[in-house]
Amino acid sequence: MADSLNGLASVNFTFAGLGGELGIDLSTEGGKISFMVITAVAEPETYAMLLASLGLMSFVSYRRKQQKAA
């Protein structure tokens, strides 16, 4: 539902149910209105922590196998 419409330069919408990580981008080009859904992208630190934790888990598993073999 549109809150207001004053030409193509000023359009405000309210969307119920969008989570905090979702957004809408509204653009007007050549008299056409287009919507784009924007989602959050994980930061590089998140991937670094994931890789570090997987490496640590692999190391712990390797050490346990070495201790059982000895």
Side-chain angles (χ1 to χ4, degrees):
M1 178 169 77
D3 292 334
S4 63
L5 178 60
N6 298 321
L8 293 178
S10 175
V11 179
N12 298 318
F13 291 95
T14 301
F15 294 95
L18 283 179
E21 61 275 348
L22 291 177
I24 300 286
D25 182 32
L26 174 68
S27 63
T28 58
E29 294 180 17
K32 295 180 182 178
I33 300 174
S34 62
F35 291 94
M36 183 183 306
V37 176
I38 302 170
T39 59
V41 177
E43 295 183 12
E45 293 86 13
T46 304
Y47 293 116
M49 290 195 58
L50 174 67
L51 289 174
S53 64
L54 288 174
L56 181 62
M57 289 173 48
S58 297
F59 177 73
V60 168
S61 175
Y62 171 77
R63 291 288 294 169
R64 284 186 181 171
K65 286 181 185 178
Q66 292 296 321
Q67 287 176 353
K68 286 183 182 178

For residues 59-70, which side-chain donor-acceptor pairs fall under 3.5 Å, sequence neighbours excluded?
none

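If you chain together ILVMFWY residues whose side-chain heavy atoms come under 4.5 Å of each other, Leu54 ends up grouped with Leu50. Here Met57 is tied to no hydrophobic group at all, with no ILVMFWY side chain closer than 4.5 Å.
Leu56 CG to Leu51 CG: the interatomic distance, rounded to the nearest 0.5 Å, is 12.5 Å.
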